[in-house]
Amino acid sequence: ITDNDITACAGPGILIDKSARPVVTANRIFDGLQAGVFVSDNGCGTLDENEVFGNAGAGFLLSGVGSCATVTNNTLRNGKSHGMHHSNTATGKITGNRVRDNAASGVLVDAGGDPHMDGNTMSGNGESGVCVTGGGLGTYCNNICRENTLSGFDVSGEGTLPTARINMCEDGKGAGIRVCDLAGGVFVDNGCRRNAGAGFECATGAQPTVDRNRFFEGLAAGVLVHDRGHGTFKHNDVRANAGAGVHVTSCGDPHFEGNTITQGCGNGVTIEEEGIGHFTDNDISDNTAAGVEIASHAKPLFRGNRIFGSE
């Protein structure tokens, strides 16, 4: 299916199901009343270099057992919903796509959706760059989330367990990465910079593993843990943020070990409002205010940290 204009369809612009394996390339799929392309019920195929825009449903919807597609070098833009949606255990290899200016999230993954996303750019979307929720999974590597309205990555819900490596979340209006509502996941070697919210936000019972990331030049805290958020943070570089390097509040109880927290415009670490937390073997240095501030019935444990150079 090559070089067609597919427009104003009442159903999906293209429906791929029942073990079909088409190659869909260089089409313009726009202004439909449902998804631009719907891959369902063991449908597979290759979607390459299509331009998908202005549809009422997701630009690409992959949903259902056995649904799997190779999705490369497409532009999914200006849709009225999500740019791409993976649901109901759908998989797929998603590489080199540009997902921009959609009304909802650039990519939504839920209900056991399990894509492998590598080298995509999600920008200017009306919600998050990537939203993984309701038991969504997936592996996310080398992607860029830029200038989205909410978080770069937003992860929520019990059983939601993505793996995110070597992504960059920048210039967003919310957090760089947000994990909440009992979600988990593994976040390694990512960068979050110049976001309006925290570089990494952990809340409401979430328990992520956060290792070797860089949270820098943000307009708020480098890391914010609140509302009984947990999480393990090891070997991260938290640097030059406008708020505290690490802010723990409202019964947050994270574990920080071997991190560098430096050059912030506020405290290195702020613990308040019954915040807890275990801080071991961290370097907390050269922050504009205090190295560590503990207030409001907070009960953290600090052991073996190096705290120096702060005012």
Is there side-chain contact between [X] and [Y], with heavy atoms separated by less than 4.5 Å?
| X | Y | result |
| --- | --- | --- |
| D253 | H278 | yes |
| N125 | H82 | no |
| T95 | T70 | no |
| I166 | C141 | no |
| C145 | V130 | yes |
| I16 | V37 | yes |
| P162 | V109 | no |
| N78 | R100 | yes |

Which heavy atom of [X] sits nearest a heavy atom of [Y], and at what distance?
| X | Y | result |
| --- | --- | --- |
| S81 | A58 | CB-N, 4.0 Å |
| T133 | L108 | CG2-CD1, 3.9 Å |
| N55 | G32 | OD1-N, 2.8 Å |
| V39 | S67 | O-OG, 3.5 Å |
| R77 | N102 | C-OD1, 3.5 Å |
| M122 | G106 | CG-CA, 4.4 Å |

Ring geometry between F200 and F187 (parallel below 30°, tilted from 30 to 60°, perpendicular above 60°): perpendicular
Plane angle bin for F256 and F233 - parallel if under 30°, tilted between 30 and 60°, otherwise perpendicular: parallel
Is there a path from [X] to [Y] through hydrophobic residues (I, L, V, M, F, W, Y) whose side chains come within less than 4.5 Å of each other?
| X | Y | result |
| --- | --- | --- |
| V179 | L182 | no |
| I29 | I1 | yes |
| F215 | F279 | yes |
| I144 | V99 | no |
| L76 | I14 | yes |

Among N236, D237, I284, V223, the one residue meeting side chain to side chain contact (heavy atoms under 4.5 Å, CB included) with I261: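 Of the listed residues N236, D237, I284, V223, the side chain to side chain contact (heavy atoms under 4.5 Å, CB included) partner of I261 is I284.
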Test side chain to side chain contact (heavy atoms under 4.5 Å, CB included) applied to V71 and V24, I94, T46, N50, the passing residue: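 It is I94; the other options fail the test.
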Heavy atoms of other groups near [X] [atom1], more than 12 under 6.0 Å:
| X | atom1 | value |
| --- | --- | --- |
| H297 | NE2 | no |
| R228 | CZ | no |
| E158 | CD | no |

Distance (rounded to the nearest 0.5 Å) between N148 CG and C131 SG: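 Between N148 CG and C131 SG, I get 11.5 Å after rounding to 0.5 Å.
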Mark yes or no for whether [X], through its side chain, and [Y], through its backbone, hold a donor-acceptor pair below 3.5 Å.
| X | Y | answer |
| --- | --- | --- |
| N282 | N259 | yes |
| N267 | A289 | no |
| T204 | C180 | no |
| N27 | I6 | no |

Note: E170-R193 ion pair, threshold 4.0 Å (strictly below):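 Salt bridge present between E170 and R193.
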Test: D41 and K18 ion pair at under 4.0 Å: no
Residues H226, E201; criterion side chain to side chain contact (heavy atoms under 4.5 Å, CB included); working and verdict: CA-CA 8 Å; H226 63 101; E201 180 181 356; 2.7 Å; yes
Among R212, R165, R214, the one residue meeting salt bridge (Lys or Arg N to Asp or Glu O under 4.0 Å) with D189: R212
Candidates R303, R306, K234 - the one meeting salt bridge (Lys or Arg N to Asp or Glu O under 4.0 Å) with D281: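 The option that passes is R306.
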Salt bridge (charged side-chain N to carboxylate O under 4.0 Å, His left out) evaluation trace for R146 with D171: CA-CA 6 Å; R146 177 183 294 137; D171 299 317; 5.0 Å; no
